[in-house]
Undergrad: 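Okay, handing you the structure first.
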Amino acid sequence: MNIEQFLEEKVRSIVKDIWGVEPDTGQLQLQQTRKDFEGDITLVAFPLLKISHKSPEETCNAIGEKLVELHPEIKGFNVIKGFLNISLTPSYWVNTFNDVLSQKDFGFKAFNQTEDPIVIEFSSPNTNKPLHLGHIRNNLLGMSISRILEKSGKRVVKVNLVNDRGVHICKSMIAWMKFGNGETPQSSGKKGDLFVGNYYVRFDKEFKVQVEKLKAEGLSEEEAKVKAPILLEAQELLRKWEAKDPETIALWEKMNGWVYKGFDQTYSDLGITFDKTYYESQTYLLGKAEVAHGLSKGVFHKKDDGSVWIDLTADGLDEKLLLRADGTSVYITQDIGTAIQRYNEYHFQEHIYVVGNEQEYHFQVLKLIMKKLGYNWSDALYHLSYGMVLLPEGKMKSREGTVVDADDLMNEMVETARDMSNELGKLDDVDTSTTNQIIRMIGLGALKYFILKVDPKKNMTFNPKESIDFNGNTGPFIQYTHARIRSVIRKANEMGIIEGKTDNNISPNEKEVTLIKLIGKFPEAVQNSASEHNPALIANYAYELAKEYNQFYHDYSILKEENASTRLFRINLSTVVANTLKNAMWLLGIDVPEMM
RNA sequence: GGUCCGGUAGCUCAGUUGGAUAGAGCAACAGCCUUCUAAGCUGUGGGUCAUGGGUUCGAAUCCCGUCCGGAUCACCA
């Protein structure tokens, strides 16, 4: 039970006793006391004036006096304007701390096996190019939110939907056929996704040459762009693919296979895993039957050319195409199909799509269509819409070569961590493989934290020149705090200090109380970030805790403390902070080192 | 043009049911290592919370208008 809950019921009954009216929850406003005032928790009196019919000061005093009189845990109070600042006794804090100390993973809830799961779809890459910074944000958000939901007590199923078909991969295929000379990732020593991506770029280069040539022959730009031979060849390849031409399929499988090998590497480096991977080549025909169903229900209508539409103008949206005149489906058709497929498969209580904010309209339409089709779970579809990662000069543009490649970025971060570590020299006595492990943790921690500390729905700016910080509000700062604590604990063990419960007679100082309060807020932080689908809340929490601990560490000695009870308490406090930091960082997908 | 999102220190960001004097980090400057890890700690400077109104005991937060930025409104995905 946290302090707010602890005091809310006490204040409620006091108000009822004095003035005869029971206040509702909204009228009982308890909040952390601001640092400039004395006290632990503050009751805001203004909402209660309607009940008390007294001045704010009188109301505060009346409640404060009763609190002290009735409850031994309450040490005292002071009143400033309409604020009742309440102080709790040292033993109250020691007791709550011991309570936390006795719990294994404080703040984490075991998931409920019997409840329906939450399905979360994220990553969803195209197989024509390597992952970039935008994908990193998507993957990190998906992974982190999955973990947060899981530890908030939900069952989570992580799924990926790979866009492995369409004209884009055919472009890479045609370029490889024309210019590849049988080259493979192995023979060229390139990572598979990068290798295939290069042929996609090669296609574009050739395409432009051909367009210029056609223009020189007198065609307009528009004509040239639809008549370039290499484009026609790519489209022909797509038709062959759809007709299941064996040679085409074989090449498609080969090239996608290269890409997947590359993706697997990147996912593994980033620490991303899935419970299930879907492929669009297997799902792109889904949803067509549902269109027929919708037609018969009169939800959709057919135009003269045979195309099928839904009119959403009454809902403030537009008309939306669901099936082309030639009977082929569009993206949303597939999404209708996959949603139904997944519901049948998992019976989810929520289905989260981690997709950029440029697709908000799409998901708005999807949800509405599902509702109109009569699926009562349509409200369970949730678009976790995140903002773009921008460069100082704006959007990343592949044409201008400003796209920040995921693998390159990770490598740079790790190398920066290495330079910094070498400079500090703290790992000089550590063996190479451990050092490499730690450096990787730090480099990736810096990157992940940098991205996850920002509110998902906001756009964020990434400046490649200034590179990501390792000091201040960063992942390494928190990792450092953890390593520092672990070092102290190791020394405590060497000194033979035995762990045990904290002595109830000690009286925690101000910094220690602040830490106890902060630790007590971790469960709430987990629950909030889960319900908001927002890892940034965890990041901010971890930072605040680390910062607070460092102040404590600076101001007080732990192992050299002479009073054995106090020393043990400080060691216990340090252990709990380290565990909480570790768990919070785990929720962000960030590992913490024992030393750095 | 319609819809949605955003605008907080020079820069990157916190600020969650409306609460006290709006906070961090970076950058700048000044301090703190014979003492448990200085990737740390302390201090200084830096703000008409885009803007104008409204709601009330009280507004960065809620409502309306205006300005600026972004996304979207495809027989693309």
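Computed over heavy atoms, backbone and side chain alike; hydrogens, waters and symmetry mates excluded. Note that this is a predicted model, so its numbers are computed, not measured. Lettering follows sequence order; numbering is per chain, from 1.
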Undergrad: With sequence neighbours excluded, tell me which residues meet side chain to side chain donor-acceptor pair (under 3.5 Å) with A:Arg137.
TA: none
Undergrad: Output a table of nitrogen or oxygen pairs between the protein and nucleotides 54-58 of chain B separated by less than 3.5 Å.
TA:
none

Undergrad: Going by the rule side chain to side chain contact (heavy atoms under 4.5 Å, CB included), which residues pair with A:Thr25 if we only count those two or more places apart in sequence or in a different chain?
TA: A:Glu8, A:Arg12
Undergrad: Restricting to side chain to side chain donor-acceptor pair (under 3.5 Å), what partner residues turn up for A:Glu415, sequence neighbours left out?
TA: A:Arg418
Undergrad: Apply ring-ring contact (aromatic ring centres under 6.0 Å, His included) to A:Tyr386 and list each qualifying residue two or more places apart in sequence or on a separate chain.
TA: none
Undergrad: Could you give the distance from OG (A:Ser531) to CG (A:Leu537), rounded to the nearest 0.5 Å?
TA: 8.5 Å
Undergrad: Can you sort out the partners of A:Asn473 under side chain to side chain donor-acceptor pair (under 3.5 Å), two or more places apart, ordered by chain and number?
TA: A:Tyr449
Undergrad: Please list, chain by chain and in numerical order, all residues satisfying salt bridge (charged side-chain N to carboxylate O under 4.0 Å, His left out) with A:Asp318, sequence neighbours excluded.
TA: none
Undergrad: Return the stems involving RNA chain B, sorted by first number, where pairs are Watson-Crick (N1-N3 with N6-O4 or O6-N4) or G-U wobble (N1-O2 and O6-N3), both under 3.5 Å, and runs are 3 or more long.
TA: B:1-7 with B:67-73, B:10-13 with B:23-26, B:28-32 with B:40-44, B:50-54 with B:62-66
Undergrad: Could you run down nucleotides 67-77 of chain B 5' to 3' and tag each one B, S or - for protein heavy-atom contact under 4.0 Å?
TA: ---SSSS-BSB
Undergrad: Nucleotides 28-35 of chain B: which of its N/O atoms have a protein N/O under 3.5 Å away?
TA:
{"from": "B:rU35", "atom 1": "O2'", "to": "A:Lys560", "atom 2": "NZ", "distance (Å)": "2.2"}

Undergrad: Tell me, which pairs form a ring-ring contact (aromatic ring centres under 6.0 Å, His included) where one or both residues lie in residues 302-325 of chain A, sequence neighbours left out?
TA: none
Undergrad: In chain order, what residues pass the salt bridge (charged side-chain N to carboxylate O under 4.0 Å, His left out) check against A:Lys560, with sequence neighbours excluded?
TA: none
